[in-house]
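Every chain is numbered from 1, with letters handed out A, B, ... down the list of sequences. Note that the coordinates shown come from a computational prediction; the quantities given were computed from them, not determined experimentally.
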Protein chains: 2
Amino acid sequence: MAARKPQGDETGYSNLGGSNATGSRAAEPVQTLAETVAERVREKVISGTLTPGSHLSEMVLCEELQVSRNTLREVFRILTKEGLLRYEANRGVFVSTPSMSTIIDIYRVRRFIECSALAQAHPRHPGTQRMRLAVDDAHRCREAGNWLGVGSADISFHSAIVELADSPRLSSFYAHISLELRLVFGLLQDPEFLHGPFIDQNGEILLELEAGRSGAAAEKLEAYLLRAERFILGAYARVAPSA
Amino acid sequence: MAARKPQGDETGYSNLGGSNATGSRAAEPVQTLAETVAERVREKVISGTLTPGSHLSEMVLCEELQVSRNTLREVFRILTKEGLLRYEANRGVFVSTPSMSTIIDIYRVRRFIECSALAQAHPRHPGTQRMRLAVDDAHRCREAGNWLGVGSADISFHSAIVELADSPRLSSFYAHISLELRLVFGLLQDPEFLHGPFIDQNGEILLELEAGRSGAAAEKLEAYLLRAERFILGAYARVAPSA
DNA sequence: TACACAAAAATTGTTCAACACTCTGGACAG
DNA sequence: CTGTCCAGAGTGTTGAACAATTTTTGTGTA
């Protein structure tokens, strides 16, 4: 019974674990059931369907996702390592709730990594094209009023910045950070208010880089990130004044 | 039957997953069986008992470690995320084999992170004390001919550098990188030859920092890392000329 | 009513046995 | 020599079971 799922959608999420060392055979698109389900739960978490802090009962989710308890625990393991879920011994898993210090740390890491990557970047690096794509995409989404799309484009712009450093491990780490940031965004309402003011600044940064002034670009990026941090912290304080 | 193990040794390894967000109750030292076993397997891997590239059969390891298959799979999941093991769909897990590009990427990340952290460090930061401790420890171990201890002290010195940045996420990421580096060290023989030349350079870097010249310290660190990379790559080429 | 303590229920941690699916290697026909 | 088929081995997933722990409930006492 319970035949294997037809293995529908692929993740599009690069295999985080790093160290794809041998490289002998191409990374196969074969996905295990646990990974597929993890993808679904991840969506639920960052979309806000599963609210931060709430308890995830094993039995309930088994029923809901139509998988066995063992498989579900593998899913929990995956998402816990990604920082989206949190274990408490003998009490189960909870959706992790970003705190102020989480946000502060995320932006500290972002300034640390993105600014250095940008400062030492070569203007003709392929990552630049990906930055250009992201900026254009963001503008298109803004025209269409698709603010979730704007958010995705923003994240992909900054991921492209990190890729300027040409380090798979750094990029994979930054993917983690982005994921946590998405959790924060999910906690905050009003994506237009969140992402709207920052689209044009991305464009300016890119212009500086394309003109070969990577130093100036890095400075603008740092200012951008400091402003964004204050912005997010303010919005957070309004939503969860206690924490 | 199969009574629960008395849960003997604790890891001492900080909980990597990041995002210990709520912080409501103190992080309990309670360790799940899987984590305990993971610790043991991790030791086997970085000590070289399990040689890189070798296949880990589930049944064999179940027998050897006296745990069930499900628990062992959780262990595999943990160590895969850490980069020590590698999955191949329907073929099982293998000890991941660091390649040249792995080493290059590790050192790229190290230069990227450590140098920035050091450059913007405050000399009175508590991390400085931990650096001092590590340097002294390394000297003690060298006197005693304990070269494995020297290696540990070296890693702890550089971890302390990263902690200067005051970012839990960055430190946890660096712990991953260190782990992979240990794997490389395990592949290479002759730890005296590996670590011996670098003890004094750590001391010099620390001296610069303590004197308030963090810029000079960062420069020395970068030179150190470039030299170490060439050194490691050379040793690697001698051990595995094919890859 | 308020509080401490013990029994019961619910939930998680771990194991086991079974079966489906995939990969590998060899036998065999052409 | 090449391609196909088949059995064996190993992984992927499931459902049920029991142990350990937490949470809830119930009870008696001041």
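Between D:dT13 and A:Thr32, a contact under 4.0 Å exists linking OP1 or OP2 to a side-chain N or O. Here B:His55 reaches the OP1 or OP2 of D:dT11: one of its side-chain N or O atoms lies under 4.0 Å away.
Rounding to whole angstrom units, CD of residue B:Glu88 and P of D:dT11 are separated by 12 Å. Whole-Å rounding puts the A:Asn90 CG to C:dA10 P distance at 18 Å. The interatomic distance linking B:Arg73 (CZ) with C:dT14 (C1') rounds to 15 Å, in whole Å. One can place CD of A:Glu35 at 14 Å from C1' of D:dT11, the figure rounded to the nearest angstrom. The CZ atom of B:Arg91 sits 9 Å away from the C1' atom of C:dT24 (whole-angstrom rounding). Here the C1' atom of nucleotide C:dA9 and the CE atom of A:Met59 are 11 Å apart, to the nearest Å. Taking atom CG of residue A:Leu56 and atom P of nucleotide C:dT11, one finds them 14 Å apart after rounding to whole Å. Distance, B:Glu58 CD to D:dG12 C1': 9 Å, rounded to whole Å.
Judged by distance alone, the side chains of A:His176 and A:Glu82 never bring a donor and an acceptor atom under 3.5 Å apart.
The residues B:Asp136 and B:Arg132 are annotated as salt-bridged, a charged nitrogen and a carboxylate oxygen being separated by less than 4.0 angstrom.
Here C:dT15 is the nucleotide among D:dT11, C:dT15, D:dT14 with the atom lying nearest to any side-chain atom of B:Ser68.
Here A:His195 and A:Phe185 bring their ring centres to under 6.0 angstrom of each other.
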Restricting both atoms to N or O, compile the protein contacts to nucleotides 17-19 of chain C shorter than 3.5 Å, with distance only.
from: C:dA18; atom 1: N6; to: B:Arg69; atom 2: NH1; distance (Å): 3.3

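Taking B:Arg130 as the reference, B:Glu163 meet the side chain to side chain donor-acceptor pair (under 3.5 Å) condition, with sequence neighbours excluded.
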>> Evaluate A:Ser156 against A:Ser159 for side-chain hydrogen bond (donor to acceptor under 3.5 Å, both in side chains), listing each step before the verdict.
In response: CA-CA 5 Å; A:Ser156 124; A:Ser159 298; over 6 Å; no
> Does the pair B:Phe198 and B:Val150 meet the rule for a side chain to side chain contact (heavy atoms under 4.5 Å, CB included), with working shown?
Replying inline: CA-CA 10 Å; B:Phe198 295 109; B:Val150 172; over 6 Å; no
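Within the structure, ring-ring contact (aromatic ring centres under 6.0 Å, His included) pairs that include any residue of residues 74-93 of chain A do not occur (at least two apart or interchain).
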